[in-house]
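Per chain, numbering begins at 1; letters A, B, ... match sequence-line order. The basis for the numbers below is simple: all heavy atoms, side chains too, and nothing from hydrogens, waters or symmetry mates.
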Number of protein chains: 2
Amino acid sequence: MKDTDDKLINRNMKPTAMRELVLDALLEQNVAVSLSDLEKKFDKADKVTLYRTLKTFEENKLIHSIDDGTGSVKYALCAENCQCNPHDLHVHFFCTECKHTYCLNDTPIPSVTLPLGFEIKTINMVVKGTCANCKK
Amino acid sequence: MKDTDDKLINRNMKPTAMRELVLDALLEQNVAVSLSDLEKKFDKADKVTLYRTLKTFEENKLIHSIDDGTGSVKYALCAENCQCNPHDLHVHFFCTECKHTYCLNDTPIPSVTLPLGFEIKTINMVVKGTCANCKK
DNA sequence: AATAACTTTGCAACTTGGTTGCATAAACTT
DNA sequence: AAGTTTATGCAACCAAGTTGCAAAGTTATT
Ligand SMILES: [Mn+2]
Ligand SMILES: [Mn+2]
Ligand SMILES: [Zn+2]
Ligand SMILES: [Zn+2]
């Protein structure tokens with residue numbers, strides 16, 4: 001019984017071969033991945049299946065999606081017991097050198113004061129620059 | 001000599017009919033507009049011309065583009081002497097009720113402390129929720 | 001005024017990322 | 001084993017953005 005099996009079952013998903021594969025890929029990365037990243041990695045697998053796998057993962061809060069402004073949505077693993085609540089939100093970082101998108105899990109989104117009458121539901125904050133790896 | 005002519009000339013663009021039209025449309029709005037918004041508004045005009053008009057405006061810093069996460073880029077007028085520098089950056093707000101995107105010109109983006117080695121170049125911060133107009 | 005040179009516009013066509021419908025295959029349930 | 005549900009594969013579609021190229025319009029030069 002694999003480790004990934006547990007993770008899937010814990011999040012109420014059946015541990016199919018495809019899901020194991022995708023979850024493994026996500027686990028071995030320290031950066032967020034896009035659908036097309038996965039398509040390249042598993043060139044045998046069907047795009048739609050990968051797409052639906054990610055959707056399923058997201059619905060069940062195993063991963064969260066990141067809109068980093070590049071035009072392709074990235075995905076990254078959620079923390080162990082994450083429920084994707086507003087207070088779980090963190091800043092994301094897009095490196096313009098290596099083009100990688102990072103979850104800055106220890107960097108919470110700072111609070112903003114909005115004009116009168118504006119009510120916040122959620123926030124997306126993406127910082128662009130150079131990452132620690134690309135710093136010379 | 002129209003007011004819009006001045007604005008275009010000041011930003012080093014020739015005041016063509018198309019540009020006048022698009023600039024007028026932007027001026028009369030208090031929310032950001034997308035390319036397809038303009039396509040609907042000027043159903044005679046060609047999509048590509050509108051597209052290039054927006055690009056030209058952006059290059060010359062008459063407008064700035066906003067990635068609000070909806071999948072279509074929005075555009076809004078820059079402040080009078082805006083140079084689109086990092087310190088000119090403000091928070092954007094997307095209302096999930098009316099689907100409008102606002103420039104919160106008086107809401108600067110709060111500063112964030114990044115992990116060691118990460119260097120910021122620019123930031124995008126989009127708040128989602130309900131706007132003052134949609135508040136009951 | 002005629003010509004040349006450059007800029008703007010219109011049309012067609014294409015790319016990429018995301019998405020749907022439907023049929024088959026695989027996995028559970030009884 | 002038969003029936004029911006769930007997952008996968010393939011084709012096709014859609015929206016947003018983008019490019020190439022030729023025609024139209026503008027500005028500069030003779
Ligand atoms: Mn993240
Ligand atoms: Mn703005
Ligand atoms: Zn990097
Ligand atoms: Zn609203």
Between dG18(C), dC11(C), dT9(C), which nucleotide has the shortest distance from any of its atoms to the side chain of Thr49(B)? dT9(C)

Presence of Arg52(A) side-chain N/O under 4.0 Å of dT8(D) phosphate oxygens OP1/OP2: no

Joint hydrophobic cluster, Leu38(B) plus Val48(B), side-chain heavy atoms closer than 4.5 Å: no

Starting at CG of Asp43(A) and ending at P of dC10(D), how long is that distance when rounded to a whole Å? 13 Å

More than 12 foreign heavy atoms under 6.0 Å from CG of Asn85(A): is that the case here? yes

Nearest whole angstrom, please: distance from the P of dT8(D) to the CE of Met13(A). 12 Å

Comparing Ala17(A) with Ser36(B), nearest DNA chain D nucleotide closer to 5' gives the residue Ala17(A)

So for atom CD, which belongs to Glu28(B), do other residues, nucleotides or ligands contribute more than 12 heavy atoms lying within a distance under 6.0 Å? yes

Nearest to the side chain of Val73(A), heavy atoms from C-beta on, is which of dT8(D), dC10(D), dG18(C)? dG18(C)

Could you check whether the side chain of Lys47(B) and the base of dG17(D) have a donor-acceptor pair of N or O atoms closer than 3.5 Å, going by distance alone? yes

Between Thr130(A) and Cys95(A), what is the shortest heavy-atom contact and its length? CA-SG, 3.8 Å

Sub-3.5 Å donor-acceptor pair from the side chain of Arg11(A) to the main-chain atoms of Phe57(A), do we have one? no

Regarding the side chain of Ser72(A), the nearest nucleotide among dG17(C), dT9(C), dT20(C) is dG17(C)

Please figure out whether Tyr51(B) or Lys14(B) has its closest DNA chain D nucleotide nearer the 5' end. Tyr51(B)

Nearest-Å distance for atom pair CZ/C1', residues Phe42(B) and dG10(C): 17 Å

Between dG10(C) atom P and Asp46(B) atom CG, what is the distance in whole Å? 6 Å

In this structure, how many angstroms lie between the C1' atom of dT27(D) and the CG atom of Asn12(B), rounded? 17 Å

Please give, in whole Å, the distance from dG10(C) C1' to Glu39(B) CD? 13 Å

By the 4.0 Å heavy-atom rule, please label Lys55(B) as base, sugar-phosphate, or nothing. sugar-phosphate

Identify which nucleotide among dG20(D), dG21(C), dT8(D) has an atom closest to any side-chain atom of Val48(B), counting heavy atoms from C-beta outward. dG20(D)

Measure from the side chain of Thr16(A), starting at C-beta and using heavy atoms only, and say which of dT9(C), dT8(D), dG18(C) lies closest. dT8(D)

